[in-house]
Amino acid sequence: MKLLSQASLLGLPLVVNALAYDYIIILRGRNSVFVPGLIGAGQALTTLNWAYTTVPQTHLNGRVLTINAGKALGGSTVINSMIFPRAEKAQYDAWGTLNNDSSWTWNTLLPYFKKSEIFTPPNKFQQANGARFERDVHGFNEEQGRVKVGFPNFFFQQWSLWRQTAMRLGFPASPDLGNGSPHAVGVAPASSIDPDNNTRCSAACAYYTDFADRPNFTTEQGRESVITASDVEYINANNETQVVNVSHGGEVIVSAGTIGTHKVLELSGVGNSSILQAAGVKPILDLPSVGENFAGKAQLAQRSSVDVIVLSQIMLIAGITNDLLLLDPTFAEQQLNLWFENRTGFYSFVSRSLGIAAPSDIFNKSELNRLLQESEEKLNYFAALLSNGNPLLARGIQAQHRLALDLYRSNKNLPLEMSLRPSFFGNTSFEDRPARAYNTVVSALYAPLSRGRTHISSSDPFVPPMIDPAYWTHPLDVAFHAAGIKLARKMLTTGPMASIYEGEFEPGLDKVTDEDIENWLRGVVQSYTHEVGTMAMLPQGLCGVVDTKLRIYGLKNVRVAGM
């Protein structure tokens, strides 16, 4: 089977519901996803973004949130923030524990992590600005690796101040945020960045472009099962239906992401029979957990303002932030010219300083034990609540929660990703906020216990799916996330970061109590667009969808990559 487009969605008799976008490198008005400093702008928000909307979120004041996802060959690697840390070793090992399979652990996965990448060590300038790496956790083989990983050519001075402050607050200094011990603070490397020209190189650049004209991929034959995929049906950019036959012994790999993959299966008749019938799709295989177990990261942000001093466009203090690009269009044009001329300046930055917080950074021991005990006492209640009436899925969620709570108790489940953004990052528009420079501490809920779902509501492949991440359903998520505001405040007001602190803009110092903070957050928390779980890799007895070989239960020749 020839790879047509990662944005093409596969089904049985495989139905595709995505537009087939060609991967063409065009700098339209210089507003391109290939410029690192333009992350989250231009095409990343419009033509190259599905921009899915959720159903009203019950626990976030009924708000409808946007979930970004790449609408191009290469998927979300075309529009993501390119940050490339790895998780805690114990969190990878949890996959193996849940599935009773030792092939899914940190030690067995690390060789594949290394094999996939071409890592460029930091140069002297990057090292002087805090970039660190450990050679034994990275791949350097250009004949094997495809994903380019490295560090940027530009660093904001306050990143260093923030890291020093985090260490003063108890965060260890990380020798490498990819070493499996991310309870630390450091400079995150960037994935999909080509160090030769400081541009984004997405998954399409890494895995497709060089091989587009080669023969079909060779795949391993699946195990014997009842149903076999025979054809791939998709709709191309000209709105024409195309069919590709799956040759005898061939396999189909569905790689449409967390939201697209379940949609492919459901349109093809694989999923919860009741949901399929309600959508007008004839059930072929009843697999009730397809689209369930949806876990979505959420984020909040703490913003302070700083004074800005600019003289002949020379940066003089650490208070300089990316807001200057909005405040001074002439300066923005100069900086963009710098990037096109020699890949330097504001638009060349992509990486940022990260600190992955452990429970011990957020709560004292007695507070944490109380929260964990309350969660353990309601383990069955929340597993049932989040399982959408499926008792087997409730068992699967219960197993996930029990393991997560054990890891929280041992300080190995890391709940918050803290980062400093040298700019305003939030919901208040440019017109509605003071024309100043801002530093934002972003706190992302890293390992939520809440589980939602996403399903089709129509047999029309062009109708977006219903998406309900069920953010903040579990009270432990709320407790950790709200505590991120308190931690962010400490980071902004503790030296040396305090040397450029000029006051808090949001949420504002009038938000004092836990209730004040929580109520404010319910009106501002947004998706962090790192959704996972809708094609859960779990045993069938825990209502899994795929096994540890990524084969869909009940299908002979279909695997999933991207869940």
Side-chain angles (χ1 to χ4, degrees), residues 1-26 28-29 31-33 42-53 66-79 202-205 207-209 211-213 216-217 229-247 250 252-271 275-284 290-291 454-467 534 558 560-562:
M1 179 184 128
K2 184 177 180 181
L3 175 64
L4 300 173
S5 169
Q6 186 169 330
S8 296
L9 310 183
L10 313 177
L12 296 168
L14 301 184
V15 178
V16 176
N17 77 326
L19 298 177
Y21 282 87
D22 290 333
Y23 190 80
I24 303 173
I25 299 177
I26 300 176
R28 294 181 179 173
N31 193 7
S32 167
V33 293
Q43 291 170 290
L45 296 177
T46 55
T47 56
L48 298 182
N49 190 350
W50 286 108
Y52 295 110
T53 56
T66 298
I67 295 178
N68 300 310
K71 192 178 184 181
L73 183 61
S76 293
T77 63
V78 174
I79 66 170
S202 69
C205 168
Y207 289 102
Y208 177 75
T209 305
F211 309 103
D213 297 325
N216 297 348
F217 293 107
S230 59
D231 299 281
V232 177
E233 181 178 310
Y234 67 98
I235 300 171
N236 66 19
N238 296 321
N239 205 32
E240 300 167 334
T241 299
Q242 304 286 319
V243 178
V244 178
N245 179 256
V246 179
S247 60
V252 174
I253 298 175
V254 186
S255 181
T258 300
I259 296 174
T261 296
H262 86 85
K263 184 177 180 182
V264 169
L265 271 295
E266 290 182 330
L267 286 171
S268 306
V270 178
I275 292 173
L276 300 184
Q277 290 172 339
V281 174
K282 179 182 178 181
I284 295 175
V290 170
T454 172
H455 294 292
I456 61 171
S457 59
S458 168
S459 60
D460 183 345
F462 291 101
V463 174
M466 179 280 299
I467 302 173
T534 57
V558 182
V560 171

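Values in this document were obtained by computation on a predicted structure and should not be read as measured data.
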Any donor and acceptor pair, going by atom type alone, linking the side chain of D460 with main-chain N or O of F462 inside 3.5 Å?
yes
Has T261 got a side-chain atom pairing as donor or acceptor with S255's backbone, closer than 3.5 angstrom?
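Such a contact is absent between T261 side chain and S255 backbone.
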As an exercise, state the distance from [atom1] of [X] to [atom2] of [Y], rounded to the nearest 0.5 Å.
| X | Y | atom1 | atom2 | value |
| --- | --- | --- | --- | --- |
| K263 | Y52 | NZ | OH | 6.0 Å |
| I456 | H262 | CD1 | NE2 | 8.0 Å |
| I467 | T53 | CD1 | OG1 | 6.5 Å |
| N49 | N68 | CG | CG | 4.0 Å |
| L267 | S459 | CG | OG | 7.5 Å |
| Q277 | K282 | CD | NZ | 11.0 Å |

Derivation of the side-chain contact (heavy atoms from CB on, under 4.5 Å) call for I284 and S268:
CA-CA 8 Å; I284 295 175; S268 306; 5.9 Å; no
Does the side chain of [Y] come within less than 4.5 Å of [X]'s, by heavy atoms?
| X | Y | value |
| --- | --- | --- |
| L276 | P283 | yes |
| P464 | W50 | no |
| I259 | P465 | yes |

What are the two closest heavy atoms between [X] and [Y], and how far apart are they?
| X | Y | result |
| --- | --- | --- |
| I275 | E266 | CG2-OE2, 4.4 Å |
| V243 | E233 | CG2-CG, 4.1 Å |
| I253 | A561 | CG2-CB, 3.9 Å |
| T534 | T258 | OG1-O, 2.6 Å |
| P461 | I235 | CG-CD1, 4.0 Å |
| S76 | G70 | OG-N, 2.9 Å |

Residues in side-chain hydrogen bond (donor to acceptor under 3.5 Å, both in side chains) contact with T77, at least two apart in sequence or another chain:
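Checked T77 against side-chain hydrogen bond (donor to acceptor under 3.5 Å, both in side chains); zero matches.
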Going through the distances and angles, do V558 and V254 end up as a side-chain contact (heavy atoms from CB on, under 4.5 Å)?
CA-CA 7 Å; V558 182; V254 186; 3.8 Å; yes
